[in-house]
Each structure stands twice: as structure tokens, then as C-alpha cells.
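Computed from a predicted structure; not experimentally measured.
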Amino acid sequence: MTIRVIIVDDQAMVRAGFAALLSAQSDIDVVGEAADGRAGVATARSVHPDVVLMDVRMPEMDGLAAARAILTPPPGVTHLPKVLMLTTFDVDDYVYEALRAGASGFLLKDAPPADLIAAVRVVAAGEALLAPSVTRRLIARFAAQRPAPSRKDPALRLKGLTPRETEVLELIARGLSNQEIAARLVVAEQTVKTHIGRVLSKMDLRDRAQAVIFAYESGLVRPGTD
């Protein structure tokens, strides 16, 4: 199955470079481009991509506002693509807010080409792109500084999880992959996937990215602890 992608970035050379790289992959098709967030929202609604590569800082409408518009559409709009934010270290705050808005992860704009290709495939498959080396620290810091209330008190919502599900959620928040969680708990990787699915369902979370944020905001994981 071909992954349909649109690229939203105000730099023409960035769009062209990403488009050339991704289009060279047999399983990825670049179906649209946009130079600002407002145009990106319109393009996403017209061509129905599977993944939106979204720059953070753009004219007209920034990437954060565009991600929110795409992921919380008005009545009648049913297509919800995955949004992958493109960022640099100086806009980490926007990254955290984008994850809260429902983006599936982020990628540094100077990442190696292979990382971009892999990121598109990971997000399209329904996983969140949470690189332990970077994302864990960012989310921890901003969850501590700028917690936001959920529909129910997060600490109370945690009571709906079994001890093993709570343990799996904590390990997700610490940046472990499914394989690493399986090794830590001495269980099969498929068992880990089952636990994660139950956590997302019980806590009404969109994906792994929101699970990480929820774990910090609920107090299950404290910033700066290992």
C-alpha cells in the first residue's frame, strides 16, 4: 500500500528536497505541497494524505495551528491524516504543544534522509515517532512546566489501569520501544502491543505520543527521574 504524503513548509528548497527523497521510495507518493499552514490545511482536506509533514514556523498560519485544524476538523470532515512535525531545537515548546494537539511525533529538520523516510513509514503505520534520545527530555520538561488539565483528573484516570498496564505506560513514557519493554518485563513483544492497545483504549488516548504526555501530566513519571 502506497503512503500518500503532503509537505507543508515555507521554504521551497526544503519542500523540493523532501519531495525528491520521498518520491524515490516505491511505497511513498508525494501528493501535494503547501507553503504555509493555511494552505496546508486546505491541501490536506482536498487530497486526503496519510501523512502530513508539517513545519512549525510558517507565515499565514503556523504549524501548530495548522496541525490543530487538521486533527480537529469541522463537522463533515472525516479524514484524519497523521501529522509529523518538522522542527529545530529552538522551537521545542511548539513541539510539545503539537503533540498535545494530536500530532504523531516530530523530526528534526537536519535529520539524516533515512530517518525522514523511516519516520513517514512509522507514523503511517499508526505508531508515534518518539525518539528516546530527544523526545523524552522535551516532553518531560514541558509537561512539568506547562501541565494542562484533561477531561478528567489524570491521576484518577490511572486507577482504571491494571498494575501491568501502568508499568507498560511508565516504560513508554521513559522512551522504551516495544522490544525494549518486552525484554524488561520478560514477555513477548505481542503481549506488550496488547497492553499498549488497552492503555490507549482505557485512557481514551490517540496514540503513543499522547500516552507519554498523559504519563507525565498524571504524575506517573516525574521529569528528571530514570
Between R4 and D50, does the side chain to side chain contact (heavy atoms under 4.5 Å, CB included) criterion hold? Intermediate values first, please. CA-CA 5 Å; R4 294 167 56 84; D50 300 305; 3.5 Å; yes

May I ask you to decide if [Y]'s main-chain N or O and [X]'s side chain share a donor-acceptor pair within less than 3.5 Å?
X	Y	answer
H48	P81	no
S23	A20	no
S201	G197	no
R38	M61	no

Side chain to side chain, [X] and [Y], heavy atoms closer than 4.5 Å:
X	Y	answer
F214	L169	yes
P49	H79	yes
D10	D36	no
D55	V8	no

Requested in this report: Flag the pair E180 and R184 as a salt bridge only when some basic side-chain nitrogen lies within less than 4.0 angstrom of an acidic carboxylate oxygen.
Outcome: no

Between [X] and [Y], what is the shortest heavy-atom contact and its length?
X	Y	answer
M85	A67	SD-CB, 4.2 Å
T43	G32	CG2-CA, 4.3 Å
A44	V52	CB-CG2, 4.4 Å

Paired with L22, the side chain to side chain contact (heavy atoms under 4.5 Å, CB included) test is passed by just one of D29, V5, I3, namely V5

Check your understanding: Do L185 and V168 pass the side chain to side chain contact (heavy atoms under 4.5 Å, CB included) test, and can you show the C-alpha distance, the side-chain angles, and the key distance before you say yes or no?
Key -> CA-CA 9 Å; L185 301 181; V168 168; 3.8 Å; yes

By salt bridge (charged side-chain N to carboxylate O under 4.0 Å, His left out), K193 pairs with (sequence neighbours left out) none

